[in-house]
Each structure stands twice: as C-alpha cells, then as structure tokens.
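Take a look at the structure set out below.
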Amino acid sequence: QVQLVESGGGLVQAGESLRLSCVASGRFFSINTMGWYRQCPGKQRELVASVTTGGFTNTAESVKGRFTISRDNAKNTVYLRMNRLEVEDTAVYYCTVEARLTFTSGYGNYWGQGTQVTVSS
C-alpha cells in the first residue's frame with residue numbers, strides 16, 4: 001500500500017506564503033502523477049495542481065501565478081508552494097498520487113488525510 005503524509009498547513013494572513021509537503025511511503029513499484037486537491041468549505045473537492053514524473057504540470061486557473069507544484073522523485077515527495085494567499089484559498093488540502101504496487105499491476109489513486117490551510121483577512 002501507499003501511505004501519504006502531508007505537512008505544512010496552518011493559519012496565515014492574506015498575502016503570506018506556505019509550502020505544503022507530501023511524502024509517499026510504503027510498498028509500491030512506481031509513482032506516476034502526484035498532485036494536490038483542495039476542498040473549500042461548502043464546496044466540492046477540486047484539483048489545485050498536478051505534476052507528472054517528467055515534470056509536466058497542470059495548475060488550476062484560480063491559483064495560476066501564485067501556486068507552484070514541484071516534486072522530488074528520489075524522495076517520493078511533492079510540494080505545493082503557495083504565495084500571495086487569499087481568504088478564498090482556505091481549505092483542506094489533500095495530496096494524491098497514482099502508484100503501481102507491483103510491476104504488473106495497474107495504477108491506483110491514493111490520498112492523504114489532508115492538511116488544513118486557513119487564510120485570515
């Protein structure tokens with residue numbers, strides 16, 4: 001299985017920055033895409049950003065230019081740098097990865113427990 005541990009959330013004021021980290025561990029063969037979703041109060045979970053093994057990124061329009069996703073393949077870690085945070089960014093942020101448990105298995109999606117980010121005005 002794949003375990004994902006997120007860190008870096010917290011309470012900040014609007015305009016400040018945070019960096020989220022997510023480390024994947026456990027018994028798996030490989031990881032493909034890694035990403036971050038968020039769930040704002042009263043809303044559905046939405047994609048924030050994702051990054052492939054080769055470094056291709058996909059970023060939501062609402063955070064483009066403020067948030068940057070990156071990964072360290074050697075450490076099985078994905079990061080989300082969040083600059084110029086806004087009150088509307090308040091949400092629980094979830095890490096997700098596509099991983100293969102064995103050489104012959106297909107990819108499955110795995111999720112972290114989430115980390116709270118609260119932005120005050």
> Heavy-atom distance under 4.5 Å between the side chains of Val5 and Cys22, does that happen here?
Replying inline: no
>> Would you compute the distance between atom CD of Gln1 and atom CZ of Arg27 and round it to the nearest 0.5 angstrom?
In response: 11.5 Å
> Got a second to check how far Asp72's CG is from Tyr79's OH, nearest 0.5 Å?
Replying inline: 5.0 Å
> Is there a side-chain contact between Arg71 and Thr53, using heavy atoms and a 4.5 Å cut-off?
Replying inline: yes
> Val117 versus Leu18: any side-chain heavy-atom pair under 4.5 Å?
Replying inline: yes
> Using the benzene-type ring in the case of Trp, are the ring centres of Phe29 and Phe103 under 6.0 Å apart?
Replying inline: yes
>> Any carboxylate oxygen within less than 4.0 angstrom of a Lys/Arg side-chain nitrogen, looking at Arg84 and Glu16?
In response: no
> What heavy-atom pair brings Gly112 and Glu6 nearest, and what distance separates the two atoms?
Replying inline: CA-OE2, 3.4 Å
> Between CD of Gln3 and OG of Ser25, what distance do you get to the nearest 0.5 Å?
Replying inline: 5.0 Å
>> In this structure, is the centre-to-centre distance between the rings of Phe67 and Trp36 below 6.0 Å?
In response: no
> Do Thr90 and Glu88 have a side chain donor and acceptor closer than 3.5 Å?
Replying inline: no
>> Tell me whether the count of non-hydrogen atoms from other residues, nucleotides or ligands lying under 6.0 Å of NZ in Lys43 goes above 12.
In response: no
>> Using the rule given for side chain to side chain contact (heavy atoms under 4.5 Å, CB included), can you reason through Ile69 versus Val78, listing the C-alpha separation, both sets of side-chain angles and the distance that settles it, and then say yes or no?
In response: CA-CA 7 Å; Ile69 191 170; Val78 62; 3.8 Å; yes
>> Could you report the tightest heavy-atom contact between Gly114 and Val92, atom names first, then the distance?
In response: CA-CG1, 3.8 Å
>> Could you report the tightest heavy-atom contact between Arg38 and Asp89, atom names first, then the distance?
In response: NH1-OD1, 2.9 Å
> Does some side-chain heavy atom of Met82 sit less than 4.5 Å from a side-chain heavy atom of Leu20?
Replying inline: yes
> Just wondering, do Ile31 and Asn76 contact through their side chains at under 4.5 Å, heavy atoms?
Replying inline: yes
> Out of curiosity, Arg66 CZ to Arg81 CZ, how far, rounded to the nearest 0.5 Å?
Replying inline: 13.0 Å
> Do Val97 and Val2 come close enough that some side-chain heavy atom pair is under 4.5 Å?
Replying inline: yes
>> Restricting to side-chain contact (heavy atoms from CB on, under 4.5 Å), what partner residues turn up for Ala14, sequence neighbours left out?
In response: Val119
> Does any non-hydrogen side-chain atom of Ser50 lie less than 4.5 Å from one of Glu98?
Replying inline: no
> Rounded to the nearest 0.5 Å, how far apart are OG1 of Thr59 and CG of Leu47?
Replying inline: 8.0 Å
> Is Val23 reachable from Tyr93 through a run of I, L, V, M, F, W or Y residues, each pair having side-chain heavy atoms under 4.5 Å apart?
Replying inline: no
>> A cation-pi test, strictly: NZ or CZ of Arg45 under 6.0 Å from the centre of the six-membered ring of Tyr94 and no more than 45 degrees from its axis. Yes or no?
In response: yes
> Is any side-chain heavy atom of Tyr110 closer than 4.5 Å to a side-chain heavy atom of Phe28?
Replying inline: no
> For the atom pair OG (Ser70) and CG (Leu80), what is the distance rounded to the nearest 0.5 Å?
Replying inline: 8.5 Å
>> Counting only heavy atoms not in Gln113 (residues, nucleotides, ligands), do more than 12 fall under 6.0 Å from its CD?
In response: no
>> What verdict does the side-chain hydrogen bond (donor to acceptor under 3.5 Å, both in side chains) test give for Ser17 and Asn83, after you've listed the backbone C-alpha separation in whole Å, the side-chain angles of each residue and the deciding distance to 0.1 Å?
In response: CA-CA 4 Å; Ser17 299; Asn83 294 329; 3.0 Å; yes
>> Could you go through Arg100 and Thr102, starting from their C-alpha distance and side-chain angles, then the distance that decides it, and tell me whether this counts as side chain to side chain contact (heavy atoms under 4.5 Å, CB included)?
In response: CA-CA 6 Å; Arg100 275 196 296 176; Thr102 68; over 6 Å; no
